[in-house]
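In what follows, chains are A, B, ... by sequence order, proteins preceding strands, each numbered from 1.
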Protein chains: 2
Amino acid sequence: MFESFEAGAKPGVTTGGRESYDERLNHILEAATNVIARVGYGHASMRAVAKAAQVSLAGMYHYFDSKEKMLFLIQFRTFNSLLQNLREKLHGVEEPVEQLRVMVRSHIGYFATDMAALKVCSHELDALTGSRYEDLRHLRHQYYELTRAIIERVFQSRAPGGGLDEHVATMALFGTLNWLYRWYRPGPDYSVNGLANQITRLFLTGIIGLKPAADGSASSAES
Amino acid sequence: MFESFEAGAKPGVTTGGRESYDERLNHILEAATNVIARVGYGHASMRAVAKAAQVSLAGMYHYFDSKEKMLFLIQFRTFNSLLQNLREKLHGVEEPVEQLRVMVRSHIGYFATDMAALKVCSHELDALTGSRYEDLRHLRHQYYELTRAIIERVFQSRAPGGGLDEHVATMALFGTLNWLYRWYRPGPDYSVNGLANQITRLFLTGIIGLKPAADGSASSAES
DNA sequence: CATCATATCGAACTATCGTTCGTAACAAAT
DNA sequence: ATTTGTTACGAACGATAGTTCGATATGATG
């Protein structure tokens, strides 16, 4: 289904250089991520990426065939670790509301760790084409299904027959989370956990709803 | 404060042609909006816009100095009418919760009317530079302040001392609304009013909160 | 009719884009 | 030492980008 995004074309490991093949590729992709996050994929020239990565222009084409493949690698790796990250943190958590809190905190935490990568994944969704677009869509769909399943369990356990559309609710949450890159900068004002608690609570009970009981979620500050 | 975005450089009205200057400009901007919404500002070439508007490439530069100015005109006009639209619909509505409902319905309704324009305004926010960016930021800020004031009134009237951050709540709502262009297509499944009611309710009372009784009538959320 | 500003266009200019080619440096293997 | 495959780069290519220029057509004005 997926093309293996690095095996196959991957050359033998070079032990002599200071960096291995994978390390070098990561280094270039990281620089590319920052450039794309700053100026957008369309205006991010390969020359600018090469300069940021301190590699020659032609030298980059040793690691990927094209600019679009470069973007694909960035998005694929980011979405993969985002998904894997969420699955790990969800492990052992059974309570639906707590699963939702874990999901929100995981997403915001990942965003805080690598803002540039998540911005590229949120903002440049349509830049890929053909099979590369489909592969990414498949990954995104897994993330969507995981989240929607949590929301459905919250519905069933807390508000059966509530009348809210699960798809609308899920997309509303993704909208809130994917819009973070436009305004949220982690810092003392809004810590990751504090913001995650606020958004979770907002999504659960709204701006005039009751505060959910339990949970060590202090309203103004977090632990 | 603003540069008048059409006066000053506006030539005299030509009465002879089939279209006036303004009509012609609108026609070109409309075509440009559709192209940019489809392929993104970075990949939308002036040649593609010219072809879509059925104008020669050079002929477009009679209506604006540059590609960036073209994008500015699109965003400026869209945000202006979005803002004016909201102010009109808010006229005479006093109840905070109803004001919020009007705001959400107005935004979604505008989106349904001109999806391409609102997509361009949501997605190409950073493509402008310098004073043009500042002018747009000022407009967006007005829209933000208007919405935030409504949210604050809802807080005060329904959930005083609730502990939620107004800025977070406002940006969460904008995230939900600005993300619509990625998934929402108006139709029989989700009508504008239906979706607006769902999102308003979700924002007010969350996915497990109480359903607010009917419409503007007070739903006692205390206890 | 002559004049003038507006409106429009074909063609070309310059810059920059993504990409490729030929080649040199280097490490490991023969 | 020679071969081989990987890594890296300077230079250039063809395509396309935004923009400009000069000319033409047109309707209004005197």
Between A:Arg24 (CZ) and D:dT6 (C1'), how many Å, whole number? 13 Å

Gap between atoms CG and P, on A:Leu57 and D:dA11 respectively (whole Å): 13 Å

If I take atom CG in residue B:Asp22 and atom P in nucleotide C:dT6, what distance separates them, rounded to the nearest angstrom? 15 Å

Where each residue is assigned the nucleotide of DNA chain C containing its nearest heavy atom, which of A:His43 and A:Asp65 is assigned the position nearer the 5′ end? A:His43

Can you tell me the distance, in whole Å, between the NZ atom of B:Lys69 and the C1' atom of D:dG18? 17 Å

Between A:Phe174 and A:Tyr143, is the gap from one ring center to the other below 6.0 Å? yes

Below the 4.0 Å mark, does C:dC17 have OP1 or OP2 next to a side-chain nitrogen or oxygen of A:Ser45? yes

Phosphate-side-chain proximity, A:His62 and D:dA8, N/O vs OP1/OP2 below 4.0 Å: no

Are any of B:Arg47's side-chain N or O atoms less than 4.0 Å away from OP1 or OP2 of D:dT19? no

Closest to the A:Met46 side chain, choosing from D:dT19, D:dA11, C:dG18: C:dG18

Distance check needed: C:dC17 C1' versus A:Lys67 NZ, whole Å only. 8 Å

Nearest-Å distance, OH (A:Tyr63) to P (C:dT19)? 18 Å

Any carboxylate oxygen within less than 4.0 angstrom of a Lys/Arg side-chain nitrogen, looking at B:Arg182 and A:Asp126? yes

OP1, OP2 of C:dC9 versus side-chain N and O of B:Tyr61: anything below 4.0 Å? no

Quick one: does NZ or CZ of A:Lys67 land under 6.0 Å from the six-membered ring centre of A:Tyr41, within 45 degrees of the ring axis? yes

Would you kindly give the CD-to-P distance between A:Gln54 and D:dC9, to the nearest whole Å? 10 Å

Do you see a donor-acceptor pair shorter than 3.5 Å between the side chains of A:His141 and A:Glu145? yes

Just to be sure I understand the rule, does B:Phe64 reach a base, reach only the sugar-phosphate, or reach nothing, if contact means heavy atoms closer than 4.0 Å? nothing

Value in whole Å for how far the P atom of D:dT20 lies from CE of B:Met60: 13 Å

Does a salt bridge link B:Lys119 with B:Asp114, judged by any charged N lying under 4.0 Å from a carboxylate O? no

What nucleic acid atoms does B:Ala44 come within less than 4.0 Å of, heavy atoms only: base, sugar-phosphate, or nothing? sugar-phosphate

